[in-house]
Peer 1: 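The structure under discussion is supplied below as structure tokens; questions concerning it will follow.
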Protein chains: 2
Amino acid sequence: MINGSIPDIIVGRLPRYLQALQRMHQEGRHTTSSKELGDRLGYTAAQIRKDLSQFGEFGKQGTGYSIPFLIGQLQTILKVDRMWDILLVGAGSLGHAIANYNGFANRGFRIALIVDNDPNKIGTKIANFVVQDASQVKALLFGSGIKIAMLTVPASNAQAVAEELTNAGIKAILNYAPVPLSLPKGIHVEYIDPLIQLQHMTYYID
Amino acid sequence: MINGSIPDIIVGRLPRYLQALQRMHQEGRHTTSSKELGDRLGYTAAQIRKDLSQFGEFGKQGTGYSIPFLIGQLQTILKVDRMWDILLVGAGSLGHAIANYNGFANRGFRIALIVDNDPNKIGTKIANFVVQDASQVKALLFGSGIKIAMLTVPASNAQAVAEELTNAGIKAILNYAPVPLSLPKGIHVEYIDPLIQLQHMTYYID
DNA sequence: CATTGTGAACGGGTTCACAGCA
DNA sequence: TGCTGTGAACCCGTTCACAATG
């Protein structure tokens, strides 16, 4: 393990490894192998070993990997050994569903602030939060330490809102709006768009 | 264009091309080029030309691509030149958000049936649908022509439910539960898991 | 003896570069 | 001139295969 720049495709698999390991841990397991982990996730054993070897030597020959140890290592690598506060932009039905989802906390995340630009929504309560005015987002974020946003606004506003967020210091955006965002280098964007995935699958169905 | 088996990674980009083209169409545009399309989506012009060339010769030298024509071609290739009925499994808050989302129809999909296994939810109404009993799913699907399911059930049930769906004739599953599904060859699965994507991004943030 | 870590071989997707054509 | 379609070159991620070791 002598590396500065890890391929993004490898980084993208680490959360899946972590998820599977946490599940094994819940099942009371203590040890696993690259083979078993690969079988669960649909990867080859060699790939898992090669991926992990980019970050260190975490296994033992003949034995495999200690599950709790590897969980700890991956949490450190992915920086989810801490709690990340998240800004939720958009208090529509999807925003509601996200705000009410209780699976974030044990994975390193928590919704910390909800904003919307609809006067009818500002001031209403969602899951213990009062919806704040989106136009004040820069002031609301100032000093908050929030660096991640989830975007659930209409497609037509997404680019403009994303630019405001960038301007307000946000460094990563999980974009639920069905539009590609064009933002400065250094801002990380991931997309969630069920229609893209549905259309991918229909190609294969008769 | 002489091809039987297109790489899946190319198929996965086609819905994005289609989405961008539809947006251009809404903007009143008639023609585009591989360069412009690539700029919108973050791909190189060469890649877009090469991808499209797998399916035919859709462009004109010197001019580019006719937007309505290319939209039609991609819709045919992806089989979204028809309407696909979808089964929604799980009537929790995420299921509600999905059922109330009105962006499916103009992209080739519509929710046709909602089921849940919670007696308190069965019989309630969501977005004009009465929630049906999940245990009857095979009978409900029989003769319906529904081949696609969206899964918004707890992680602990997801594998078992997915197997039932497979058994009931479902061919494609969009899985919102944070677990990898293990299903027979020929069943297509796509995953949506915001935590995986958040943990991917935190790797890059300080 | 089971299983890791890894250099080397392999494979396939991306980019290049240019002929061809409107 | 502008832009497509595509063979060839290139690049990079995956798989192989085996020495190393608890």
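Throughout, a chain's letter reflects where its sequence line sits, starting with A, and its residues are numbered from 1.
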Peer 1: Give the rounded distance in Å between these two atoms: CD of A:E36 and P of C:dA2.
Peer 2: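 Rounded to whole Å, this separation is 16 Å.
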Peer 1: What is the separation between atom CD1 on A:I48 and atom P on C:dT4, rounded to the nearest whole Å?
Peer 2: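 Taking CD1 of A:I48 and P of C:dT4, I get 10 Å after rounding.
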Peer 1: Measure the acute angle between the ring planes of A:Y17 and A:Y43, then classify it against the limits of 30° and 60° as parallel, tilted or perpendicular.
Peer 2: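 A:Y17 vs A:Y43 ring planes: perpendicular.
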Peer 1: Tell me the interatomic distance from A:F55, atom CZ, to C:dT4, atom P, rounded to whole angstroms.
Peer 2: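 Spelled out: CZ on A:F55 to P on C:dT4 is 18 Å.
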Peer 1: For B:F58 and D:dC3, what is the distance between atoms CZ and C1' respectively, to the nearest whole Å?
Peer 2: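 From B:F58 CZ to D:dC3 C1': 17 Å.
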Peer 1: For every nucleotide of nucleotides 10-22 of chain D, 5' to 3': is a protein heavy atom under 4.0 Å from its base (B), only from its sugar-phosphate (S), or from neither (-)?
Peer 2: ---SSB-B--BBB
Peer 1: Do A:E163 and A:Q159 have side-chain N/O donor and acceptor atoms under 3.5 Å apart?
Peer 2: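 Note: A:E163 and A:Q159 side chains meet the donor-acceptor criterion.
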Peer 1: So which pairs with a foot in residues 193-204 of chain B pass salt bridge (Lys or Arg N to Asp or Glu O under 4.0 Å), sequence neighbours left out?
Peer 2: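 Not a single pair qualifies under salt bridge (Lys or Arg N to Asp or Glu O under 4.0 Å).
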Peer 1: When the distance from CG of A:L52 to P of C:dT3 is rounded to whole Å, what number comes out?
Peer 2: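 After rounding, the gap between these two atoms is 16 Å.
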Peer 1: Kindly indicate, with the supporting measurements, whether the criterion salt bridge (charged side-chain N to carboxylate O under 4.0 Å, His left out) is fulfilled by A:E57 and A:R49.
Peer 2: CA-CA 9 Å; A:E57 307 199 354; A:R49 293 202 302 278; over 6 Å; no
Peer 1: Grab the CG-P distance between B:L14 and C:dG13 for me, whole Å please.
Peer 2: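 Going from CG in B:L14 over to P in C:dG13 covers 14 Å.
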Peer 1: Between B:S34 and D:dT4, is there a contact of a side-chain N or O with OP1 or OP2 at under 4.0 Å?
Peer 2: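 Yes, within the criterion.
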Peer 1: Give the ring-plane orientation class for A:F55 versus B:Y203, where under 30° counts as parallel, over 60° as perpendicular and anything between as tilted.
Peer 2: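 Correct class here is perpendicular.
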Peer 1: Within the pair A:Y65 and C:dG5, is there a side-chain N or O less than 4.0 Å away from OP1 or OP2?
Peer 2: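 Affirmative; the distance criterion is met.
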Peer 1: Could you give all pairs that pass the salt bridge (Lys or Arg N to Asp or Glu O under 4.0 Å) test and reach residues 81-96 of chain A, with sequence neighbours left out?
Peer 2: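 Listed by first then second residue: A:D85-A:R110.
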